[in-house]
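What follows is a set of notes on a single structure, which appears directly below.
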Amino acid sequence: MLETPWSSSLGLKTPILNAPMGGVAGGRLAAAVSDAGGLGMIGAGSTGSVELIERESAIPRGAGLSFGIGLLGWAVNQEPSLLDAAIESRPVMISLGFADVGPWVARVHDAGILLATQVYDIEGARRAAGEGADVIVARGAEGGGHGLNEVATLPLLQALLDEVDAPVLAAGGIGSARGLAAVLAAGASGGWIGTAFLVCPESLTPEAARPRILLANETSTIYTRSVDVAMGYPWPSQFGERVLRNDFIECWTGEEEKLAGDDEARQAFSKAKRDGDFALAEIDAGQGVGLLKSARPAREIVRDFSDGAAGLLSRWTATTRT
Ligand SMILES: Cc1cc2nc3c(=O)[nH]c(=O)nc-3n(C[C@H](O)[C@H](O)[C@H](O)COP(=O)(O)O)c2cc1C
């Protein structure tokens, strides 16, 4: 058993959350993680809809399991019904990222739901805590998917633990029991883990992407805006995403303005996405992807991370000389 004050306050058996990954973390993955004792999160992602939130939430809820939902703040600004649907789905926690949470805090709290948000620096953490976020996620630059490419997980986590009173979860690069033990030893209330769950049988990751993920190593990722520009997704321009390198993405990273005007390249990219051709299309993953060696059920990952971290953390006892 591994617990932190925060995880036991939520009734979790272990302080592990799967990150709300759009296109990867649906209801099946969330249910498996919650069933294993952590908190499963459903990711709505860039193309999330009310229908997706309702359908995927029904899976853990139908099994009597707690779960969370992650929404993109800018998408909620465009389509407020996404937040209505998330609240009506009765999660224990809603994560709103990539926007200030202030406008939504009261609604989420009135429904008795915790509000989490990912931050990338001290200023963002202070702002989120000041606006009333219940849970601050220290999201380092090595993490998969969207974020800022500024501060790595450990320096960010150390700074935020001294900075805010709210529980701080660590995200970015937790790819084994060792990583989980490290952030818990530092004082994190839990690990918010994405990449490690990418190839679980319960995840929505397309079959064709899985072998590429399993072959990747710690230097296989790149931070880019090229995907959002190619697809015309309305992501705020300060956010890029960490993905596996491929020829298209390496060619256009840093050349996004040119890409915006190159219809042929953009059409080729959207066709590759439609066809599931991951020689061109993106696969979001963090630097911990090199630690992912096989496709295992979420339950095994949660158990191994949790038991392994408990073992590592019990190996030393501090001795104080008086
Ligand atoms: C495939 C993938 C999709 C993601 N989609 C989302 C998302 O829809 N919403 C969100 O808040 N974060 C998303 N993220 C970021 C995660 O919440 C988290 O910050 C990240 O996975 C942590 O780093 P790690 O991948 O090294 O564990 C995504 C990450 C990945 C790998």
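Throughout, numbering of the chain's residues begins at 1 and tracks the sequence. Indexing begins at 1, ligand by ligand and atom by atom, following the structure's order. All values reported here derive from a predicted model rather than from experimental measurement. As a basis for the values below, the full set of heavy atoms in this structure was taken, side chains included, without hydrogen atoms, waters or symmetry mates.
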Review point. Is it true that R107 and D84 make a salt bridge, defined as a side-chain N closer than 4.0 Å to a carboxylate O?
Key: yes

Practice item. Check V137 against ligand 1 and report side chain, backbone, both or neither, counting heavy atoms closer than 4.0 Å. Key: neither

Check your understanding: Using a heavy-atom cut-off of under 4.0 Å, does the side chain or the backbone of L198 touch ligand 1, or both, or neither?
Key -> side chain

Check your understanding: Nearest to atom 26 (O) of ligand 1, what protein heavy atom do you find, and at what distance?
Key -> G173 N, 2.8 Å

Exercise for review: May I ask you to check whether W192 has an N/O atom sitting below 3.5 Å from an N/O atom of ligand 1?
Suggested key: yes

**Study point:** Sub-4.0 Å atoms of ligand 1 with respect to non-hydrogen atoms of V24
**Key:** 1 (C)

Review point. Counting heavy atoms only, which part of D284 comes closer than 4.0 Å to ligand 1: side chain, backbone, both or neither?
Key: both

Check your understanding: Counting each atom of ligand 1 from 1 as listed, which ones have a heavy atom of G45 under 4.0 Å away?
Key -> 8 (O)

Exercise for review: For atom 8 (O) of ligand 1, find the nearest protein heavy atom and state the residue, atom name and distance (0.1 Å precision).
Suggested key: G22 N, 3.0 Å

Practice item. First locate atom CG of N217, then atom CG of L244, and finally report the distance between them rounded to the nearest 0.5 Å. Key: 10.0 Å

Check your understanding: So which of G70, P20, G97 gets nearest to atom 10 (C) of ligand 1, if we judge by its closest heavy atom?
Key -> P20

Study note, to complete from the structure: Among non-hydrogen protein atoms, atom 25 (O) of ligand 1 lies closest to T195 OG1, 2.6 Å

Exercise for review: Considering heavy atoms of the protein only, find what lies nearest to atom 22 (C) of ligand 1 and give residue, atom and distance to 0.1 Å.
Suggested key: G172 N, 3.6 Å

Practice item. Do me a favour and list the nearest non-hydrogen protein atom to atom 16 (C) of ligand 1 with residue, atom name and distance? Key: A19 CB, 3.5 Å

Practice item. Of all the heavy-atom pairs spanning I69 and S89, show the shortest one and how long it is. Key: CD1-CB, 3.9 Å

Practice item. May I ask you to test the R126-I122 pair for a side-chain heavy-atom distance under 4.5 Å? Key: yes

Exercise for review: Taking all heavy atoms of S189 and all of P15, pick out the closest pair and write down the distance.
Suggested key: O-CB, 3.5 Å

Check your understanding: Okay, side chain of S49, backbone of L52: is any donor-acceptor separation there less than 3.5 Å?
Key -> yes

Review point. Quick one: which ligand 1 atoms are inside 4.0 Å of a heavy atom on F98?
Key: 10 (C), 11 (O)

Review point. With distance as the sole test, does R303 use its side chain to make a donor-acceptor pair with the main-chain N or O of A36 at under 3.5 Å?
Key: no

Check your understanding: Is the closest heavy atom of G288 to ligand 1 under 4.0 Å?
Key -> no

Check your understanding: Any N or O of A44 that comes nearer than 3.5 Å to an N or O of ligand 1?
Key -> no

Check your understanding: Quick one: does ligand 1 sit under 4.0 Å from the side chain of R139, the backbone, both or neither, non-hydrogen atoms only?
Key -> side chain

Review point. Quick one: nearest non-hydrogen protein atom to atom 3 (C) of ligand 1, plus distance?
Key: M21 CB, 3.3 Å

Review point. Taking atom 14 (N) of ligand 1 as the point of reference, which of G194, A285, G144, A171 owns the nearest heavy atom?
Key: G144

Review point. Looking only at heavy atoms, what is the nearest atom pair of P167 and D134, with distance?
Key: CD-O, 3.2 Å

Review point. Measuring from the heavy atoms of G147, does anything fall under 4.0 Å of ligand 1?
Key: no

Check your understanding: What protein heavy atom sits nearest atom 11 (O) of ligand 1, and how far off is it?
Key -> Q118 NE2, 3.0 Å

Check your understanding: Would you call K258-D262 a salt bridge at under 4.0 Å N-O?
Key -> no

Review point. Within the distance-only criterion (no hydrogens, no angle test), does the side chain of S34 pair as donor or acceptor with the backbone N or O of A31 below 3.5 angstrom?
Key: no

Review point. Which pair of non-hydrogen atoms, one from A152 and one from E142, has the smallest distance, and what is that distance?
Key: CA-OE1, 3.2 Å

Revision key, fill the gap. Taken to the nearest 0.5 Å, the spacing of S66 OG from M93 CE works out to 11.0 Å

